Colleague: 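Structure in structure tokens, see below.
Treat the numbers as computed from the prediction; the structure is a model and nothing was measured.
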Amino acid sequence: IGARLAAIYLLDDEPNKAISALQRTGRKSTPKKLYEERQLLRARALSQLDMMNEAIAVLEDMDSADADRLRADIYWRAQQWEKSAIALFRLVPNPNTAKRLSPEEASYVLNAAVALKISGDTKKLDRLKNDFGDHMQRTSLANSFNVVTRAAGRTTLSDRETMLNI
């Protein structure tokens, strides 16, 4: 019940109440899945309070996709672009063995590209383009990916509409 209440408080933008609900309803014998869900909610609440370091610390021992998505979001909000990209990379398949990217995976690749572009890490951005370029061309995000991964100084006026849609 505490996890559900905390989720509702988070949806209502009440992170302090969410943390309080989690603290009041915590038990030592919580099943692992519920414990992880509660930790994700705690980390989300802390991030909404701009306590980024504390939120990341809560996720430290978690290696699930949900934890990586939340890590990426927390780092993104904190403008720690390289760390956000690293978390996003954990959410995509190996480019050498992937047959096709799901729409969700393609969005993670695009967001990682944006994070790398903002961070100015052109080597990693070039590697991302080489690794995922062919895969991304078969997605609805191909144009956006091409704009983001294009070498600096090569953006044209025709890319304006694409950039506005990223």
Colleague: Has the side chain of K83 got a donor or acceptor atom that lies under 3.5 Å from a matching backbone atom of I74?
Modeller: no

Colleague: Can you tell me how far apart CZ (F132) and CG (L101) are? Round to the nearest 0.5 Å.
Modeller: 6.5 Å

Colleague: Side chains of residues 6-24: which donor-acceptor partners sit under 3.5 Å, not counting sequence neighbours?
Modeller:
from : atom 1 : to  : atom 2 : distance (Å)
S20  : OG     : R24 : NH1    : 2.7

Colleague: Please check: side-chain N/O of S84 versus main-chain N/O of A72, any donor-acceptor pairing under 3.5 Å?
Modeller: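 A pair under 3.5 Å: yes.
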
Colleague: More than 12 non-hydrogen atoms from neighbouring residues, nucleotides or ligands closer than 6.0 Å to OH on Y35, yes or no?
Modeller: no

Colleague: For A142, give me all partners under side-chain contact (heavy atoms from CB on, under 4.5 Å), at least two apart in sequence or on another chain.
Modeller: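 Result, side-chain contact (heavy atoms from CB on, under 4.5 Å) vs A142: Q137.
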
Colleague: So for atom CZ, which belongs to R4, do other residues, nucleotides or ligands contribute more than 12 heavy atoms lying within a distance under 6.0 Å?
Modeller: no

Colleague: So, taking the atom named CZ in R71 and the one named CZ in R69, what distance separates them when rounded to the nearest 0.5 Å?
Modeller: 11.5 Å

Colleague: Evaluate the side-chain hydrogen bond (donor to acceptor under 3.5 Å, both in side chains) criterion for residues R90 and Y108: first the C-alpha distance (whole Å), next the side-chain angles of each, then the deciding distance (0.1 Å), finally the verdict.
Modeller: CA-CA 9 Å; R90 283 184 245 174; Y108 297 146; over 6 Å; no

Colleague: For Q39, run the side-chain contact (heavy atoms from CB on, under 4.5 Å) check against M62, R44, E60 and tell me which one passes.
Modeller: M62

Colleague: Would you say V148 ends up clustered with F89 if hydrophobic residues are merged whenever their side chains have heavy atoms under 4.5 Å apart, either directly or through other cluster members?
Modeller: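 Both belong to a single hydrophobic cluster.
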
Colleague: Kindly write out the residues that satisfy side-chain contact (heavy atoms from CB on, under 4.5 Å) with N53, not counting sequence neighbours, or none if the list is empty.
Modeller: none

Colleague: Quick check for you: to the nearest 0.5 Å, what is the distance between I86 atom CD1 and L91 atom CG?
Modeller: 12.5 Å

Colleague: Is the shortest distance from a Lys or Arg side-chain nitrogen in K129 or D126 to a carboxylate oxygen in the other one below 4.0 Å?
Modeller: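 Not counted as a salt bridge, because no side-chain N and carboxylate O are separated by less than 4.0 Å.
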
